[in-house]
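Right, one structure below, let's go through it.
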Amino acid sequence: QVQLVESGGGLVQAGGSLRLSCAASGGTFSRSVMGWFRQAPGKEREFVTAISWSSVSTYYADSVKGRFTISRDNAKITVYLQMNSRKPEDTAVYYCAATRGLLARNSYYYADRWYDYWGQGTQVTVSS
């Protein structure tokens with residue numbers, strides 16, 4: 001049974017930093033794309049960032065470029081999200097996601113429908 005377990009959420013002041021982790025288990029993730037999405041209260045879930053299985057390719061939403069960094073450790077089957085210069089609008093539940101395998105097009109990285117596995121989410125709150 002595939003499981004994605006996020007950790008590292010919490011409360012941080014605006015301008016501060018936080019790192020989220022997502023550990024995967026129960027499956028083969030050697031070719032998986034892994035990503036982060038978030039959902040703020042009253043809003044739809046949105047793409048944040050994603051990384052290819054080799055870490056060669058990374059993708060970011062415009063709203064987080066230059067502030068967030070995604071990375072992965074395939075030996076640990078873990079993906080990380082380093083969040084710097086946090087803003088109150090970053091407040092949301094952050095979800096880790098993974099695909100079963102490669103994605104055919106770069107545009108697919110941004111769409112949640114192409115991801116097969118999801119974590120339970122972790123709350124991140126940024127106070128002003």
Side-chain angles (χ1 to χ4, degrees):
Q1 182 180 356
V2 172
Q3 281 192 315
L4 301 180
V5 180
E6 302 102 334
S7 60
L11 175 65
V12 63
Q13 288 189 331
S17 298
L18 200 65
R19 189 176 84 155
L20 304 182
S21 300
C22 172
S25 62
T28 302
F29 295 93
S30 59
R31 293 294 185 268
S32 296
V33 172
M34 300 191 78
W36 292 92
F37 290 76
R38 67 185 181 186
Q39 187 168 22
K43 295 187 177 181
E44 292 187 354
R45 185 166 60 190
E46 64 175 3
F47 170 80
V48 177
T49 180
I51 187 168
S52 64
W53 67 272
S54 63
S55 301
V56 169
S57 300
T58 56
Y59 304 83
Y60 294 94
D62 289 342
S63 58
V64 305
K65 279 181 182 176
R67 300 189 299 120
F68 290 11
T69 302
I70 189 171
S71 61
R72 66 189 289 171
D73 183 336
N74 287 339
K76 296 180 179 179
I77 321 180
T78 300
V79 63
Y80 304 98
L81 179 60
Q82 178 67 43
M83 302 180 290
N84 299 329
S85 304
R86 299 305 307 277
K87 301 177 181 179
E89 51 264 41
D90 294 324
T91 294
V93 177
Y94 283 72
Y95 296 93
C96 174
T99 65
R100 289 193 184 92
L102 301 174
L103 291 178
R105 298 183 179 184
N106 291 345
S107 60
Y108 292 176
Y109 283 75
Y110 299 88
D112 57 4
R113 69 188 186 98
W114 294 104
Y115 291 79
D116 303 290
Y117 309 111
W118 292 85
Q120 80 287 354
T122 185
Q123 177 69 47
V124 174
T125 302
V126 183
S127 63
S128 58

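Between Arg72 and Ser32 the shortest heavy-atom distance is NH1-O, 2.7 Å. In this structure, Ser85 and Arg67 approach most closely via the heavy-atom pair O-NH1, 2.9 Å. Between Leu4 and Cys22, the shortest heavy-atom distance links the atoms CB-SG, 3.9 Å. When all heavy atoms of Val79 and Cys96 are compared, the pair lying nearest together is CG1-SG, 3.8 Å. Annotation for Ser128 and Ala14: closest pair CA-CB, 4.3 Å, computed over non-hydrogen atoms.
In this structure the side chain of Phe29 reaches within 4.5 angstrom of the side chain of Val2, judged on heavy atoms. Residues Arg45 and Trp118 form a side-chain contact, since some pair of their non-hydrogen atoms from C-beta on lies under 4.5 Å apart. Two residues are said to be in side-chain contact when any heavy atoms from C-beta on lie closer than 4.5 Å; Asp90 and Arg38 meet this criterion. In this structure, Tyr108 and Arg113 have side chains that are not in contact, with every pair of non-hydrogen atoms separated by 4.5 Å or more. By the 4.5 Å heavy-atom criterion applied to side chains, Leu20 and Glu6 are not counted as neighbours. Taking 4.5 Å as the limit, some side-chain heavy atom of Arg86 sits within range of a side-chain heavy atom of Val124. Side-chain atoms of Ser52 and Tyr109, non-hydrogen and from C-beta on, do get closer than 4.5 Å to each other.
Distance alone, capped at 3.5 Å, places no donor-acceptor pair between the Thr69 side chain and the Gln82 backbone. Using a distance-only test at 3.5 Å, with no hydrogens or angles considered, a donor-acceptor pair links the side chain of Asn74 to the main chain of Trp53. Remark: side-chain polar atoms of Gln13 are not paired, donor with acceptor, to backbone N or O of Ser127 under 3.5 angstrom. Looking only at distances, no side-chain donor or acceptor of Thr99 sits under 3.5 Å from a matching main-chain atom of Asp116. Looking at Thr125, its side chain never comes within 3.5 Å of a backbone N or O of Thr91 through a donor-acceptor pair. In this structure a side-chain-to-backbone donor-acceptor pair under 3.5 Å is missing from Gln120 to Val5.
Taking the six-membered ring for Trp, Tyr115 and Phe37 have ring centres closer than 6.0 Å. For Phe68 and Tyr60, the ring centers sit 6.0 Å or farther from each other.
Residues Tyr95 and Phe47 fall within the same hydrophobic cluster, defined by Ile, Leu, Val, Met, Phe, Trp and Tyr side chains chained together at heavy-atom separations under 4.5 Å. Ile70 and Leu18 end up in the same hydrophobic cluster when Ile, Leu, Val, Met, Phe, Trp and Tyr side chains are linked at under 4.5 Å. Ile77 and Tyr117 end up in the same hydrophobic cluster when Ile, Leu, Val, Met, Phe, Trp and Tyr side chains are linked at under 4.5 Å. There is a path of hydrophobic side-chain contacts, each under 4.5 Å, that joins Val33 to Tyr110.
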